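Here the structure is a predicted model, which means the values were calculated and not measured. We number each residue from 1, following the sequence as shown.
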Amino acid sequence: MLILDKITKKIGARILFEGVSASFNSHERYALTGPNGAGKSTLMKIMMGIEDPTSGSVSRPKKTGFLKQDLAEFEECLIRDVVIMGNARLWAAMKEQDTLYESEITDAAGMRLAELEEIVGEEDGYTAEPDAEVLLEGMGITPESYEAPMKSLPVDMQFRVLLCQALFGNPEALLLDEPTNHLDLDAIRWLETFLKGFDGTLIVVSHDRHFLNAVCTAIADIDYETIITYPGNYDDMVVAKSDVRARIDAENKNKEKKAEQLKTFVAKFGAGTRASQVQSRLKELEKLQPQDMKKSNIMRPYICFQNPARNSGQIPYKFKKVSKSYGDNHVIENFSYEVNRGDRIAIIGNNGMGKTTLLKLIAGVEKPTQGEIIHGHATEFGYFPQLHEEIMDKGPNPTILDFLRTQKNGVHEQEIRGALGKLLFPGDDAFKGVAKLSGGETARVILAGLILNTFNTLILDEPNNHLDLESVSALSTGLANFGGTVIFASHDRDLIDKVATRIISIEKDGIHKFDGPLEEYLKSRAETIK
């Protein structure tokens with residue numbers, strides 16, 4: 001069990017939490033939810049002991065697994081060792097053993113070695129290496145890498161190793177902040193299965209709605225300046241929260257209506273002969289105070305892409321034996337495909353397989369090494385890159401307004417402000433410098449640029465990265481309702497499920513094309529593997 005006791009956290013004049021107490025029980029899997037800026041990561045750091053609260057205390061199990069974010073700390077360490085470090089007591093004992101064996105074995109050293117051997121046994125140290133390798137394999141780390149240094153892996157794979165570190169050693173509690181950020185669909189499914197079998201206390205922050213629905217048994221929602229716990233998964237919480245708010249609003253309206261009737265009676269008969277009845281009404285009126293409910297900090301953007309000013313041809317893009325190589329690295333080979341007008345195509349696959357490369361080819365950012373990509377008649381596209389800086393110039397100190405003026409010829413400021421309002425940038429936010437924006441804010445500004453235009457095709461590379469759950473949900477609705485063609489890459493199952501009607505899956509054995517939604521593709525793939 002992990003317990004928060006009267007936690008208060010102030011950052012400058014802003015109060016994130018005040019006097020918050022909550023218990024996170026064993027055998028429960030909690031999602032910590034709330035919009036960007038609500039304080040989820042700050043609270044996770046407080047629970048981990050990385051950051052101190054302004055007041056209050058945290059009680060957590062001795063064996064608690066944390067998902068660390070500092071890669072530099074481990075860059076020279078062997079990959080298997082990094083995982084084993086997740087059990088600090090075991091790792092300290094193993095390192096001390098190594099030091100003692102390298103020195104003269106005195107009686108005192110022999111006694112200490114015996115004590116250390118007992119610790120290693122208690123912590124299942126004799127199976128530490130194979131246990132670590134099971135986790136690494138599940139995260140897609142190949143066996144030949146286990147004895148290589150961390151820095152030999154790509155950055156996204158290094159984060160997977162740190163996730164294995166958090167899972168290692170049978171912790172009593174697990175605290176995971178955005179564990180799916182650097183995972184592909186296969187690794188996410190493996191993690192879902194692992195966590196559903198975890199028997200301790202799990203607290204996870206994630207913007208992946210499908211993941212939360214699959215894993216969590218309860219939701220700890222940061223809202224109304226406190227934490228409210230709801231049973232069930234994320235979708236259950238949304239329904240329950242809406243019901244509570246709707247019920248209180250309805251009760252308040254009924255009270256207001258009844259109060260008006262009583263006031264009318266008092267005003268009419270207050271000076272007459274019905275004094276006792278008036279007094280009775282006054283007492284009743286005192287009891288009819290509307291229930292005070294603090295304002296929710298959840299704000300939902302409205303993402304609605306304009307219908308195309310003119311339609312593209314029936315085939316916006318045609319690939320004829322397209323290949324793309326970077327030196328000896330053959331990323332795309334002999335790819336032929338036709339995109340039909342109105343298609344909503346999800347490009348999926350493991351990291352590093354070529355999803356971004358394929359989207360850059362479609363957007364014209366990259367040129368094919370061989371083959372041809374034919375743009376159909378009147379194809380006009382908007383592009384959302386995975387690396388935001390590819391289209392957002394952050395110098396010399398442009399504002400959001402400056403950037404959006406470059407996204408549409410002759411655009412009026414009123415149009416820009418209308419788009420910004422829908423994406424939760426009110427008033428003077430238009431004058432914020434783009435260099436100071438968070439990842440989520442930057443993503444919403446780029447989406448505002450797409451909303452301003454009337455493209456008939458949208459090309460998006462991981463558009464859900466950095467967005468909170470409410471924004472991803474709004475994006476899903478916007479793309480599903482868009483009247484043109486959509487081609488996008490994502491690891492977010494919920495986004496793909498709601499939007500995609502066709503799948504391009506880039507896998508080790510080639511590029512697989514499927515006409516149908518994700519669930520049908522996954523079933524078809526599973527049957528093929530059998």
Name the atoms and distances for all side-chain donor-acceptor pairs under 3.5 Å in residues 185-193, with sequence neighbours left out.
from: D186; atom 1: OD1; to: R189; atom 2: NH2; distance (Å): 2.4
from: D186; atom 1: OD1; to: R525; atom 2: NH1; distance (Å): 3.4
from: D186; atom 1: OD2; to: R525; atom 2: NH2; distance (Å): 3.3
from: T193; atom 1: OG1; to: R189; atom 2: O; distance (Å): 3.2

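- Put simply, the residue from V205, V204, L67 that forms a side-chain contact (heavy atoms from CB on, under 4.5 Å) with E178 is V205.
- In this structure, L522 and R493 have side chains that are in contact, with non-hydrogen atoms separated by less than 4.5 Å.
- When all heavy atoms of D131 and F168 are compared, the pair lying nearest together is CB-CE1, 3.9 Å.
- Classification of D184 and R160 as a salt-bridged pair holds, one side-chain N sitting under 4.0 Å from a carboxylate O.
- Annotation: ring pair (Phe, Tyr, Trp, His ring centres under 6.0 Å) contacts of F319 (sequence neighbours excluded): F335.
- Taking the charged nitrogens against the carboxylate oxygens, R209 and D235 do have a contact shorter than 4.0 Å, which makes a salt bridge.
- A salt bridge does not link E172 with K62: every distance from a Lys NZ or Arg NE/NH1/NH2 to an Asp or Glu carboxylate oxygen is 4.0 Å or more.
- Taking the salt bridge (charged side-chain N to carboxylate O under 4.0 Å, His left out) definition, one finds that K321 meets it with nothing, sequence neighbours left out.
- With respect to T217, the side-chain hydrogen bond (donor to acceptor under 3.5 Å, both in side chains) criterion is satisfied by exactly one of R29, E28, H27: E28.
- Ion pairing between a basic and an acidic side chain is recognised when a charged N comes within 4.0 Å of a carboxylate O; E123 and K63 show such pairing.
- Proximity of a side-chain donor or acceptor of N87 to a complementary backbone N or O of I84 within less than 3.5 Å is not detected.
- Judged by distance alone, the side chains of Y521 and S505 do bring a donor and an acceptor atom under 3.5 Å apart.
- At least one donor-acceptor pair closer than 3.5 Å links the side chain of T201 to the backbone N or O of N25.
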- Is there a ring-ring contact (aromatic ring centres under 6.0 Å, His included) between F384 and H388 once you walk through the steps? CA-CA 8 Å; F384 185 111; H388 300 157; 5.5 Å; yes

